[in-house]
*Asks:* 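First the structure, which I've put down as structure tokens, then a few questions once you've had a look.
Along the sequence shown, residues carry numbers from 1. This structure is a prediction, so every number in the text was calculated from the model and none was measured.
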Amino acid sequence: MEMPTGSAQAGGRFPVPHKSLSLDIKGNKTDIVISKYEDNFLVIVTQIGCMGTILAAKKDESVFSDPTYNVSVLFGKRDEPLLLACARQLIEHISGSGSARPLVISLGLKDHSQGTLKDVVSAIVDNRLW
């Protein structure tokens with residue numbers, strides 16, 4: 001992952017706790033906003049200046065089996081398995097830290113390579129609100 005071009009900012013005036021940051025990932029300016037709502041986490045990642053594919057991820061627990069993670073595409077590209085993997089990694093990290101909130105994530109990326117998505121996940125985890 002490249003060094004951030006700007007520092008992360010924690011929001012104080014917006015009524016929802018959030019962090020926003022801007023960094024360079026594989027030569028592309030990447031803006032990330034992480035918001036913590038009462039019932040969900042919302043993460044917006046964009047290299048294209050607008051929202052991209054929107055995914056929902058949640059942990060499903062059962063008394064009789066290990067937990068499973070459900071990731072679905074709400075809007076956008078349905079044929080990008082790495083976007084699903086990115087959302088799954090994040091929901092696993094969120095639930096592993098003790099939070100039961102589901103995740104809604106928008107990924108508007110120019111580059112859908114494994115390296116880019118790995119750097120995106122690292123940046124989000126490093127600036128997490130859970």
*Asks:* Given Thr30 and Asn28, is the side chain to side chain donor-acceptor pair (under 3.5 Å) satisfied, shown in steps?
*Replies:* CA-CA 6 Å; Thr30 308; Asn28 292 307; over 6 Å; no
*Asks:* Restricting to salt bridge (charged side-chain N to carboxylate O under 4.0 Å, His left out), what partner residues turn up for Asp31, sequence neighbours left out?
*Replies:* Lys29
*Asks:* Under the 3.5 angstrom rule, does the side chain of Ser106 hit a backbone N or O of Gly52 as a donor-acceptor pair?
*Replies:* yes
*Asks:* For side chain to side chain contact (heavy atoms under 4.5 Å, CB included), just list the numbers for Val125 and Gln89, CA-CA rounded to whole Å, side-chain angles, deciding distance to a tenth of an Å, and then say yes or no.
*Replies:* CA-CA 10 Å; Val125 169; Gln89 282 185 334; over 6 Å; no
*Asks:* Kindly say whether Lys118 contributes a backbone atom to a donor-acceptor pair with the side chain of Ser122 at under 3.5 angstrom?
*Replies:* yes
*Asks:* Are Ile124 and Val120 side-chain neighbours, meaning at least one heavy-atom pair lies under 4.5 Å?
*Replies:*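 Ile124 vs Val120: side chains touch.
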*Asks:* For Leu107, which of Thr46, Val43, Leu83 qualifies under side-chain contact (heavy atoms from CB on, under 4.5 Å)?
*Replies:*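 That would be Leu83.
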*Asks:* Apply side chain to side chain contact (heavy atoms under 4.5 Å, CB included) to the pair Arg128 and Phe41, showing each step before the final yes or no.
*Replies:* CA-CA 10 Å; Arg128 66 186 174 266; Phe41 289 106; over 6 Å; no
*Asks:* In terms of heavy-atom contacts, does NZ of Lys59 have more than 12 from other residues, nucleotides or ligands at under 6.0 Å?
*Replies:*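 Atom NZ in Lys59 is crowded, with more than 12 foreign heavy atoms closer than 6.0 Å.
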*Asks:* Among residues two or more places apart or on two chains, list those pairs meeting salt bridge (Lys or Arg N to Asp or Glu O under 4.0 Å) that have a residue in residues 63-88.
*Replies:*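 Qualifying pairs, neighbours excluded: Arg88-Glu92.
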*Asks:* Atom CZ in Phe75, atom OG1 in Thr53: separation rounded to 0.5 Å?
*Replies:* 11.5 Å
*Asks:* Decide yes or no on side chain to side chain contact (heavy atoms under 4.5 Å, CB included) for Lys26 and Thr116, but give the supporting numbers first.
*Replies:* CA-CA 7 Å; Lys26 306 288 189 253; Thr116 294; 3.5 Å; yes
*Asks:* On a heavy-atom basis, which atom in Leu129 and which in Ile34 lie closest, and how many Å separate them?
*Replies:*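 Taking Leu129 first and Ile34 second, the nearest heavy atoms are CD1-O, 3.3 Å.
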*Asks:* Decide yes or no for Ile48 and Lys110: does some side-chain heavy atom of the first lie under 4.5 Å from some side-chain heavy atom of the second?
*Replies:* yes
*Asks:* What closest approach, in Å, do Ser113 and Leu82 show between heavy atoms, and which atom pair accounts for it?
*Replies:*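 Nearest heavy atoms, Ser113 then Leu82: C-CD1, 4.1 Å.
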*Asks:* Do Ile91 and Ile105 come within less than 4.5 Å of each other through their side chains, counting heavy atoms only?
*Replies:*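 Side-chain contact under 4.5 Å: no.
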*Asks:* Roughly how far, to the nearest 0.5 Å, is NZ of Lys36 from CD1 of Ile94?
*Replies:* 11.0 Å
*Asks:* When you compare the side chain of Asn127 with that of Ile32, does any pair of heavy atoms fall below 4.5 Å?
*Replies:* no
*Asks:* Give me the atom names and distance for the closest heavy-atom approach of Ala57 to Ala87.
*Replies:*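 Looking at all heavy atoms of both residues, the shortest contact is CB-O, 4.1 Å.
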*Asks:* Indicate yes or no for a side-chain donor-acceptor contact from Arg101 to the backbone of Tyr37 under 3.5 Å, with no hydrogens or angles considered.
*Replies:* yes
*Asks:* Against Val45, only a single residue in Leu109, Val121, Ile25 fulfils side-chain contact (heavy atoms from CB on, under 4.5 Å); can you say which?
*Replies:* Leu109
